[in-house]
Amino acid sequence: QYSQFLKDVDRKHCKVHMDICNWVKDSYSYTHQEELIGEAFGILGKDIVSCHIKDIRLKLGSCVILEEVPIGTGELRLSSYLEQIDKLNPDMPVLIEHLKEMEEYDYALKWLKERMQQS
């Protein structure tokens, strides 16, 4: 759909802000995240200019309910996501969002910096 949107708009400067959590929509995409991340970056790579980073966890129950949780506490394959971002553009703007307290932003930033230094 994103690819079709870019074709329909047909403007050189129309680009993508990637939020991979929004692509996880069912049990298959949840359990095949590396495949999903690779496919998303394979299709839209040249058009991705910034990314959101957050984390998700599947709530237990009879329905697929994804809960947004602080970065590093969920089950999103963040290492795969960060690897694709770094491959595409090491200077890619990455935005942290939807946290409740400033301490959560501080923790998320520290967590991200540590992971980026490890790679």
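Treat the numbers as computed from the prediction; the structure is a model and nothing was measured.
- Scored by the ring-ring contact (aromatic ring centres under 6.0 Å, His included) test, His52 finds His17 as partners (sequence neighbours excluded).
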Check step by step if side-chain contact (heavy atoms from CB on, under 4.5 Å) holds for Arg57 and Leu66.
CA-CA 6 Å; Arg57 179 181 3 195; Leu66 299 173; over 6 Å; no

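- To the nearest 0.5 Å, atoms SG (Cys21) and CG (Leu78) are separated by 7.5 Å.
- Contact check for Tyr81 versus Ile53: side-chain heavy atoms found under the 4.5 Å cut-off.
- Atom CD1 of Ile71 and atom OH of Tyr105 lie 9.0 Å apart (nearest 0.5 Å).
- Checked against side-chain contact (heavy atoms from CB on, under 4.5 Å), Leu109 has the following partners two or more places apart in sequence or in another chain: Ile96, Lys113.
- Identified under the salt bridge (Lys or Arg N to Asp or Glu O under 4.0 Å) test for residues 23-45, with sequence neighbours left out: Glu34-Arg77.
- Put simply, the side chain of Cys14 reaches to within 4.5 Å of the side chain of Leu6, judged on heavy atoms.
- Taking CD of Glu101 as the start and CG of Asp106 as the end, the distance is 11.0 Å to the nearest 0.5 Å.
- Within the structure, every pair that satisfies the salt bridge (Lys or Arg N to Asp or Glu O under 4.0 Å) test and touches residues 10-22, not counting sequence neighbours, is listed here: Lys15-Asp47, Asp19-Lys54.
- For the residue pair Pro70 and Leu99, the shortest heavy atom distance occurs at CA-CD2, 4.0 Å.
- Partners of Lys59 under the side-chain contact (heavy atoms from CB on, under 4.5 Å) rule, at least two apart in sequence or in another chain, are Ile65, Glu67.
- With sequence neighbours excluded, no residue satisfies side-chain contact (heavy atoms from CB on, under 4.5 Å) with Ser79.
- Note on Val69 and Trp111: separate hydrophobic clusters, where clusters join Ile, Leu, Val, Met, Phe, Trp and Tyr whose side-chain heavy atoms are under 4.5 Å apart, directly or indirectly.
- Atom-to-atom distance recorded for Tyr107:OH and Met102:CE is 15.5 Å, nearest 0.5 angstrom.
- Put simply, CD1 on Ile48 and CD1 on Ile20 are 8.0 Å apart, with the number rounded to the nearest 0.5 Å.
- Between Arg115 and Leu82 there is a side-chain heavy-atom pair separated by less than 4.5 Å.
- Shown here are the side-chain contact (heavy atoms from CB on, under 4.5 Å) partners of Lys87, two or more places apart in sequence or in another chain: Glu83, Gln84.
- Leu76 is listed as a side-chain neighbour of Gln33, based on a closest heavy-atom distance under 4.5 Å.
- Here the CZ-CG distance, from Phe41 to Leu88, works out to 6.5 Å after rounding to the nearest 0.5 Å.
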Going through the distances and angles, do Val16 and Val49 end up as a side-chain contact (heavy atoms from CB on, under 4.5 Å)?
CA-CA 6 Å; Val16 173; Val49 295; over 6 Å; no

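- Transitive grouping of hydrophobic side chains (ILVMFWY, heavy atoms separated by less than 4.5 Å) keeps Trp23 and Leu95 in distinct clusters.
- In terms of the side chain to side chain donor-acceptor pair (under 3.5 Å) criterion, residue partners of Asp8 (sequence neighbours excluded) are, by chain and number, Gln4.
- Applying the ring-ring contact (aromatic ring centres under 6.0 Å, His included) test to Tyr28 and every residue at least two apart in sequence or in another chain returns His32.
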